[in-house]
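What follows is a short report on a single structure.
Predicted, not measured: the structure shown is a model, and the values here were computed from it. Whatever order the structure lists ligands and atoms in, that order sets their numbers, starting from 1. Quick note: numbers below take in every heavy atom, side chains included, and nothing from hydrogens, waters or symmetry partners.
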Amino acid sequence: MAICKIDYQAPAELLRDRVILVTGAGDGIGRDAALAYARHGATVILLGRTTAKLEAVYDEIEAAGGPQPAIFPLNVEGASLKDYQDMAETLDKEFGRLDGILHNAGLLGRITPFEQYNPELWEQVMRVNIHGPTWMTQALLPLLKDSRDASVIFTSSSVGRKGRAYWGAYAVSKFATEGFVEVLAEELEHLGNVRVNTLNPGATRTQMRRSAYPGEDPDTLRTPEAIMPTYLWLMGPDSHGHSGEKFDAQPPRTS
Ligand SMILES: NC(=O)c1ccc[n+]([C@@H]2O[C@H](COP(=O)([O-])OP(=O)(O)OC[C@H]3O[C@@H](n4cnc5c(N)ncnc54)[C@H](OP(=O)(O)O)[C@@H]3O)[C@@H](O)[C@H]2O)c1
């Protein structure tokens with residue numbers, strides 16, 4: 001079973017002076033992660049496709065007295081290699097390094113028998129969930145290498161660790177994520193300052209979960225805020241030395 005740190009108590013200054021990029025920061029788990037990272041001292045770069053949502057998170061961080069965040073509107077689905085290179089240049093100019101990435105933006109696609117899966121939707125899911133994060137990471141590697149202690153978290157799912165009927169491209173993209181992290185972690189091992197892991201949030205009360213399980217009572221699920229301890233632990237220095245590993249943000253549900 002993957003390691004879970006739901007009882008971790010993050011020190012108030014855990015992420016002080018760290019520059020952390022969160023994708024899909026406007027909603028759901030990404031929104032809460034951005035707020036939690038800022039609350040613990042990080043300068044957060046808020047990336048997402050809906051600027052108004054990113055602005056709302058920006059305002060919330062400022063109102064709470066957190067370090068001034070930055071907004072980076074980008075639709076990962078249509079982004080090109082050039083977009084990621086431009087992004088790296090901008091972040092280099094503004095911050096000079098990157099101490100962490102939470103790859104969180106994700107698309108569910110459709111839960112449907114494979115025989116009926118629409119190939120365009122399949123491609124779309126793969127672009128957002130695996131191709132985008134892969135090429136973004138390649139472009140940002142030089143900035144991560146300039147950090148004293150960089151943590152890159154790729155968001156996985158239980159269907160990316162054990163396949164499940166009808167989960168199609170979503171499950172395949174999460175399996176690819178797990179594989180990519182194993183490959184990259186081994187390649188970066190000799191550096192000693194860039195670690196890469198996967199994190200499965202588990203069933204969490206968000207819009208994506210509602211789309212996947214429309215009949216479920218949301219009150220039976222943990223909120224994004226409740227699963228933040230593992231997100232904080234894995235982003236901060238207390239998880240130093242862990243790389244190429246799988247983590248869970250909450251224990252498996254018994255019901
Ligand atoms: N919730 C769960 O139970 C659960 C379980 C296992 C894994 N996960 C994973 O956890 C992550 C977060 O999920 P969530 O439940 O918080 O989902 P969510 O509420 O649907 O939020 C997804 C976020 O990703 C952004 N996004 C989607 N497509 C994008 C694109 N093309 N470019 C840029 N941003 C994009 C969305 O932006 P907009 O708001 O602008 O649409 C939104 O901010 C995902 O990787 C998901 O696979 C979730």
With heavy-atom distances below 4.0 Å as the criterion, list the atoms of ligand 1 near [X].
| X | result |
| --- | --- |
| V76 | 30 (C), 31 (N), 32 (N), 33 (C) |
| E77 | 31 (N) |
| K53 | 38 (P), 39 (O) |
| T155 | 9 (C), 10 (O), 11 (C), 45 (O) |
| A203 | 3 (O) |
| Y170 | 6 (C), 7 (C), 8 (N), 9 (C), 46 (C), 47 (O) |

Going by heavy atoms in the side chains, are [X] and [Y] under 4.5 Å from each other?
| X | Y | value |
| --- | --- | --- |
| T50 | D27 | no |
| L102 | F154 | no |
| L143 | V19 | no |
| R110 | Y166 | no |
| P237 | R18 | yes |

Is the contact between P224 and ligand 1 made by the side chain, the backbone, both, or neither, using heavy atoms and a 4.0 Å cut-off?
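Neither; no heavy atom under 4.0 Å.
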Please classify the K174 to ligand 1 contact at 4.0 Å (heavy-atom distances, strictly less than): side chain, backbone, both or neither.
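Near ligand 1, K174 shows its side chain, while the N, CA, C and O stay back.
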Around atom CH2 of W135, are there more than 12 heavy atoms of other residues, nucleotides or ligands at under 6.0 Å?
no
Which residue and atom name correspond to the protein heavy atom nearest [atom], and how close is it?
| atom | answer |
| --- | --- |
| atom 42 (C) of ligand 1 | D27 CB, 4.0 Å |
| atom 16 (O) of ligand 1 | I29 N, 2.8 Å |
| atom 33 (C) of ligand 1 | L74 O, 3.4 Å |
| atom 41 (O) of ligand 1 | R49 NH2, 2.8 Å |
| atom 8 (N) of ligand 1 | P201 CG, 3.4 Å |
| atom 35 (C) of ligand 1 | A105 CB, 3.8 Å |
| atom 11 (C) of ligand 1 | N104 O, 3.1 Å |
| atom 31 (N) of ligand 1 | N75 OD1, 2.8 Å |

Let me know which of R39, K53, R31 forms a salt bridge (Lys or Arg N to Asp or Glu O under 4.0 Å) with E60.
R31
For G41 against P67, the heavy-atom pair lying closest together:
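G41 and P67 have their closest heavy atoms at O-CG, 3.5 Å.
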Between Q124 and R127, do the side chains contain a donor N or O and an acceptor N or O under 3.5 Å apart?
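No pair is found: no donor N or O on one side chain lies under 3.5 Å from an acceptor on the other.
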Quick test of your reading of the structure: of L221, T206, N200, T51, whose heavy atom lies closest to atom 19 (O) of ligand 1?
T206
Kindly identify the option in M208, Q250, R210 whose heavy atom sits closest to atom 18 (P) of ligand 1.
M208
Could you tell me whether R209 sits above the aromatic face of Y213, with NZ or CZ closer than 6.0 angstrom to the six-membered ring centre and within 45 degrees of the axis?
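Pair R209/Y213 counts as cation-pi.
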When S156 is tested against each of K246, E178, H103 for side-chain hydrogen bond (donor to acceptor under 3.5 Å, both in side chains), which residue passes?
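In the set K246, E178, H103, the residue that makes a side-chain hydrogen bond (donor to acceptor under 3.5 Å, both in side chains) with S156 is E178.
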For G24, is at least one N or O under 3.5 Å away from an N or O on ligand 1?
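Checking ligand 1 against G24, an N or O pair does fall under 3.5 Å apart.
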Examine T50 against ligand 1 and note whether any of their N/O atoms are separated by less than 3.5 Å.
yes
Strictly under 4.0 Å, does any heavy atom of G202 approach an atom of ligand 1?
yes
Mark yes or no for whether N193, through its side chain, and R148, through its backbone, hold a donor-acceptor pair below 3.5 Å.
no
Using the ring centroid of each side chain, check whether F114 and W122 are separated by less than 6.0 Å.
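Ring centroids of F114 and W122 are less than 6.0 Å from each other.
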